[in-house]
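Below is one structure, written out as structure tokens, with a few remarks after it.
Note that the structure is a prediction, hence the values are computed from the model and not measured. Basis for what follows: all heavy atoms, side chains included, without hydrogens, waters or symmetry-related copies.
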Amino acid sequence: MTTTVAAPAATQPVAEVKVARRWTQHGLLFVGPFLLVYLAFLVWPLLDGLRMSLSSVNIAGSNDELVGLANYAEAFSDPRMWRSLWNTIVFTALSTVPLVLLGLLLALLVHNLRFVRWLWRLSFFAPFLLPSAVVALLWRDMIYQPSFGLLNGTLGTDVLWLGDPGVAMWSVVLTTVWWTVGFNFLLYLAALQSIPQPLYEAAAIDGANAWVRLRAITLPMLRRTTGLIIVLQLLASLKVFDQIYLMTGGGPEDSTRSIIEYAYDVGFTGYRIGYASAVSYILFAIIVVISLVQLRLFRKREEGLS
């Protein structure tokens, strides 16, 4: 009697490899258009901008000579660059805190309301949908206007809200908070609605009042959302340009000029594209460092709580 030994199924791995290869080809086919756009409009401009920051190219494209780190050396010794960087840091510090806290307070208010929630959500989020030009012109020409503006008319004052170096930055911050707080409000509201209601019911049964429930349940459950909002807000504030350029043009006396506006001025008014690129990459490096530090801090905090 002969025993037949079955041959090993060698075709199964080959079939799996073919299926995996087919899925890879299909995936590349779908991802390909995005990769082309990503490479053409993000990676290539990033690399080309780095090349220009090491050259003396002007806005006409002529005199494109490699100068190495000369543009960076000039930027670090440029007092106007440092002044614009300091203005950007001041704006970030003044705007980030109220935007985070006010977004949280508005979200808590709307979340606890029992009537017409949709109207409050629309009211708080609607300004964020307005274009920057509309917001800047509205506040500059109707609210901050010295002679007949709404703010001076209501307060009975004659303050130069955008013309006084000591007040202009605060005015831009106020406009920015009114304009963009709706985005943080919406993120917080979505996070509040995802907190399990039984947690509050159990705490209420144990005798916890509203303040204890806020401190022991709500705020800890919002920790990740708060971290996300802080990172997004820092990045957005460091890249401020539109409202400052349209409302004050960097004035008065360069008291509101941001570093991006300074790069714009030296690049498109002074025609020094190479130097403007160097200034831009200095800001880029600062943003990368801040992002990495923030992510590191949040990761350590999450590991400590786990």
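- The only option from Leu246, Asp242, Val240 that meets the side chain to side chain contact (heavy atoms under 4.5 Å, CB included) definition with Ile244 turns out to be Val240.
- Here the side chains of Val159 and Asn152 are in contact, with some heavy-atom distance below 4.5 Å.
- In this structure, Tyr281 is a member of the same hydrophobic cluster as Leu235, with clusters built from ILVMFWY side-chain heavy atoms closer than 4.5 Å.
- With no hydrogens or angles considered, no side-chain donor-acceptor pair links Asn87 and Tyr262 at under 3.5 Å.
- A ring-ring contact (aromatic ring centres under 6.0 Å, His included) with Trp139 holds for exactly one of Tyr144, Trp161, Trp179; it is Tyr144.
- Separation of atoms CD1 (Ile195) and CG (Leu222) is listed at 4.5 Å; rounding is to 0.5 Å.
- Nearest heavy atoms, Ile217 versus Leu199: CD1-O, 3.5 Å.
- When all heavy atoms are compared, the tightest approach of Leu238 to Ile260 is O-CD1, 4.4 Å.
- Here the closest heavy-atom approach between residue Met247 and residue Leu162 is recorded as O-CD1, 3.7 Å.
- Residues Asp265 and Arg257 form a side-chain contact, since some pair of their non-hydrogen atoms from C-beta on lies under 4.5 Å apart.
- In terms of heavy atoms, Ala276 sits closest to Ala263 at CB-O, 3.3 Å.
- A search for ring-ring contact (aromatic ring centres under 6.0 Å, His included) contacts involving Phe183 returns Phe128, not counting sequence neighbours.
- Side-chain contact between Leu214 and Leu108 is present, with at least one heavy-atom pair separated by less than 4.5 Å.
- Contact of the Lys239 side chain with the Ile287 side chain is registered, since non-hydrogen atoms from C-beta on lie closer than 4.5 Å.
- Sorted pairs that involve residues 186-208 and meet ring pair (Phe, Tyr, Trp, His ring centres under 6.0 Å), not counting sequence neighbours, are lacking altogether.
- Remark: the Thr176 side chain and the Ser95 side chain contain no N/O donor-acceptor pair separated by less than 3.5 Å.
- In this structure, the side chains of Leu42 and Leu46 stay at 4.5 Å or more apart for every pair of heavy atoms.
- Clustering of Ile, Leu, Val, Met, Phe, Trp and Tyr by side-chain heavy atoms under 4.5 Å joins Phe41 with Val37.
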